[in-house]
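Structure first, commentary second.
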Number of protein chains: 2
Amino acid sequence: MDKALGLTKTQKKIIDAAIKVFSVKGFEGSTTSEIAQEAGVAEGTIFRHFSTKKGILQSILLQVVDNYQLLDISDPLVEVIERGDSQSQSKVSSIITQSQEVMQQVPLLKLLFYEAQFHPEMQQMLVERITKPILEQIKEPIVKQQSTGYYRNYNACLMTISLFAPLLGYLVLKQFIPEQENMDEEEAFKQLLDIWLYGVINQ
Amino acid sequence: MDKALGLTKTQKKIIDAAIKVFSVKGFEGSTTSEIAQEAGVAEGTIFRHFSTKKGILQSILLQVVDNYQLLDISDPLVEVIERGDSQSQSKVSSIITQSQEVMQQVPLLKLLFYEAQFHPEMQQMLVERITKPILEQIKEPIVKQQSTGYYRNYNACLMTISLFAPLLGYLVLKQFIPEQENMDEEEAFKQLLDIWLYGVINQ
DNA sequence: TAATAATGAGAGTGATTGCTCACTCTCATT
DNA sequence: AATGAGAGTGAGCAATCACTCTCATTATTA
């Protein structure tokens with residue numbers, strides 16, 4: 001039956017095509033016929049697998065939510081928090097490696113987070129399954145470091161934002177200002193983590 | 001002729017209505033008849049003032065770009081950078097005051113930055129007239145502080161991102177996770193600036 | 001007051017949209 | 001060979017869209 005991750009080959013073709021088209025033209029700006037063309041199937045085939053156009057978007061969201069690759073970015077960050085040392089290059093590098101995968105998904109994430117605001121169930125799912133888990137996962141080791149007195153007692157949620165937002169901001173900014181800046185990604189991440197750490201470490 | 005800032009009363013009514021409708025439904029998700037209804041004008045009237053629906057969006061962008069209120073947020077940040085002390089409450093407070101105005105504009109900014117990716121001229125205008133000026137305005141005093149040795153020698157652009165992204169991230173996050181968190185906005189901004197500062201100040 | 005411009009109301013247009021449905025194709029089972 | 005189930009097709013439908021046109025009414029200006 002050609003299934004993988006609960007999706008048939010045709011369904012996967014359609015979803016991949018939809019991601020491509022939605023990313024370039026936005027959800028409302030895309031047409032089902034474009035998606036069909038990109039997927040190499042008839043328009044009618046789309047509606048045999050997805051009840052509505054919005055159903056395609058929801059399936060994309062489900063695919064992203066069920067894909068833990070995304071959450072993986074928080075693991076190396078947790079390492080950095082626990083070691084309290086950005087110099088541990090190996091871990092930093094793994095962040096970069098992960099984030100290159102994530103970076104290619106930045107347009108998709110932008111799409112989902114933006115379009116979700118028009119569809120409350122989707123918004124809730126994004127918040128509950130992606131935003132909050134990441135925040136919690138990162139907050140926990142921060143609180144632990146605070147309890148030992150190694151980190152300052154700022155609000156843990158704000159500390160998490162301070163850590164995460166610049167990394168994400170850097171990736172987003174890079175997408176529409178390809179500031180050539182003779183600096184590689186690894187060095188950039190290292191500096192961003194450094195700035196955060198030395199603002200967090202007590203003394 | 002009823003002009004103010006180059007816009008007649010009718011044009012202003014239409015633009016205000018369009019901002020409201022676009023913010024709620026997105027650009028492609030909105031219809032000109034909705035905008036007309038919200039503005040209390042006939043649909044045909046819209047097209048007497050704007051050649052196309054996209055023309056309305058472009059006028060909104062022009063209005064935002066010509067409105068320096070937005071850039072004002074960088075002034076108090078520059079103050080913080082120059083003083084190197086977030087405790088200077090008066091200045092922090094003025095950031096908050098400004099940012100409350102800005103915060104109400106967050107949905108509009110999200111709209112413009114998102115929709116602009118589908119319209120290259122608009123994207124370029126946003127980058128050249130908003131993003132880059134803000135970055136430059138904030139980078140300059142950072143570089144000055146670096147030259148005196150008071151700030152560490154990280155890449156100035158990254159330092160700017162580290163400063164700006166958490167503030168923006170906090171505002172955006174607050175919009176779809178109304179984390180009641182018994183913390184007022186002023187305290188939040190103070191802590192975010194603190195975290196940044198003590199990661200930037202040498203020693 | 002007369003002339004001119006702006007607007008409201010709303011029907012109309014062609015193009016496009018999301019979606020349907022009658023039909024075909026494939027292929028395993030009978 | 002006959003059957004049935006399910007995937008795929010694409011012409012076409014009803015609705016909607018951005019946009020136009022007309023014309024009576026109101027507001028502005030000379």
Side-chain angles (χ1 to χ4, degrees), chain A residues 1-61 111-112 114-116 118-119 121-122, chain B residues 1-62 111-112 115-116 118-119 121-122:
Chain A
M1 273 300 174
D2 262 344
K3 291 205 177 183
L5 288 165
L7 293 179
T8 67
K9 262 185 189 164
T10 308
Q11 285 169 337
K12 186 149 175 45
K13 271 201 300 181
I14 293 171
I15 283 194
D16 286 345
I19 288 176
K20 213 177 272 184
V21 177
F22 286 162
S23 293
V24 173
K25 304 198 157 195
F27 176 69
E28 296 287 355
S30 305
T31 70
T32 48
S33 79
E34 280 176 306
I35 296 169
Q37 198 173 345
E38 176 73 34
V41 302
E43 197 173 352
T45 305
I46 288 180
F47 293 95
R48 190 162 291 280
H49 294 278
F50 305 92
S51 53
T52 61
K53 180 182 163 190
K54 181 177 167 181
I56 307 175
L57 190 63
Q58 288 172 324
S59 289
I60 292 175
L61 174 59
L111 170 82
L112 288 177
Y114 185 79
E115 298 294 347
F118 309 129
H119 310 282
E121 356 68 75
M122 292 183 60
Chain B
M1 276 297 178
D2 264 341
K3 292 209 179 184
L5 290 164
L7 294 179
T8 66
K9 264 184 189 165
T10 308
Q11 285 170 336
K12 185 149 178 42
K13 271 201 298 182
I14 294 171
I15 282 194
D16 286 344
I19 289 176
K20 216 177 271 183
V21 176
F22 286 162
S23 294
V24 172
K25 304 199 156 196
F27 176 69
E28 297 286 355
S30 306
T31 68
T32 49
S33 75
E34 281 176 303
I35 297 169
Q37 199 172 348
E38 175 73 33
V41 303
E43 193 173 355
T45 305
I46 288 180
F47 294 95
R48 284 210 189 83
H49 294 278
F50 305 93
S51 53
T52 63
K53 182 183 164 189
K54 181 177 168 182
I56 307 175
L57 190 64
Q58 288 172 323
S59 289
I60 292 174
L61 173 60
L62 278 181
L111 169 82
L112 288 177
E115 298 294 347
F118 309 129
H119 310 281
E121 3 56 86
M122 291 182 61

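Order of the sequence lines fixes the chain letters, A, B, ..., with proteins taken first and strands second; residue numbering starts at 1 for each chain.
For the pair A:I46 CD1 and C:dC21 P, the interatomic distance rounds to 17 Å; values are reported in whole Å. In this structure, the CG atom of A:L7 is 14 Å from the P atom of D:dA7, given to the nearest Å. One can place CD1 of B:I35 at 12 Å from C1' of D:dC17, the figure rounded to the nearest angstrom. What separates CD of A:Q37 from P of D:dG10 is a distance of 12 Å, to the nearest Å. Rounded to whole angstrom, the span from the CD atom of B:Q11 across to the C1' atom of C:dA5 amounts to 14 Å. Note: CD (B:E38) to C1' (C:dG8) measures 18 Å, nearest angstrom.
With a 3.5 Å limit on both pairing distances and Watson-Crick or G-U wobble geometry required, the stems of 3 or more pairs in DNA chain C span C:1-30 with D:1-30.
Considering only side-chain N and O atoms, B:T8 lies nowhere under 4.0 angstrom from the phosphate OP1 or OP2 of C:dA6. Close to C:dT7, at under 4.0 Å from its OP1 or OP2, lies a side-chain N or O of B:H49.
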Quick test: give all pairs of protein nitrogen or oxygen and nucleotides 18-20 of chain C nitrogen or oxygen below 3.5 Å, distance rounded to 0.1 Å.
residue	atom	partner	partner atom	Å
C:dG18	OP1	A:S30	O	3.0
C:dG18	OP1	A:K53	NZ	2.9
C:dG18	OP2	A:T32	N	3.0
C:dG18	OP2	A:T32	OG1	3.2
C:dC19	OP2	A:K53	N	2.6
C:dC19	N4	A:E43	OE1	3.3
C:dC19	N4	A:E43	OE2	3.1

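A:K25 places none of its side-chain heavy atoms less than 4.5 Å from the side chain of B:E28. Taking the side chain as every heavy atom from C-beta outward, A:E115 and A:M122 never approach each other to under 4.5 Å.
Of the two residues near DNA chain C, B:T45 and A:E34, the one whose nearest nucleotide lies more 5' is B:T45.
The line from NE2 of A:H49 to CG of A:L7 is 10.5 Å long, rounded to the nearest 0.5 Å. Taken from CD1 in A:I19 to OG in A:S30, the straight-line distance is 12.0 Å, to the nearest 0.5 Å.
Here C:dT7 is the nucleotide among D:dG10, C:dA22, C:dT7 with the atom lying nearest to any side-chain atom of B:R48.
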Under the criterion side chain to side chain donor-acceptor pair (under 3.5 Å), I'd like the reasoning laid out for A:E43 against A:T32: C-alpha separation, chi angles, the key distance, then a yes or no. CA-CA 7 Å; A:E43 197 173 352; A:T32 48; 2.7 Å; yes
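B:K53 places a side-chain N or O within 3.5 Å of a backbone atom of B:F27 that can act as its donor or acceptor partner. A donor-acceptor contact shorter than 3.5 Å links the side chain of A:Q11 to the backbone of A:T8. Of the possible polar contacts, one joining the B:E34 side chain to the B:T31 backbone as a donor-acceptor pair under 3.5 Å is found.
Within 4.0 Å (heavy atoms only), B:G40 reaches sugar-phosphate atoms of the nucleic acid but no base atom.
Counting all heavy atoms, side chain and backbone alike, A:I46 lies closest to A:I35 at CD1-CG2, 3.9 Å.
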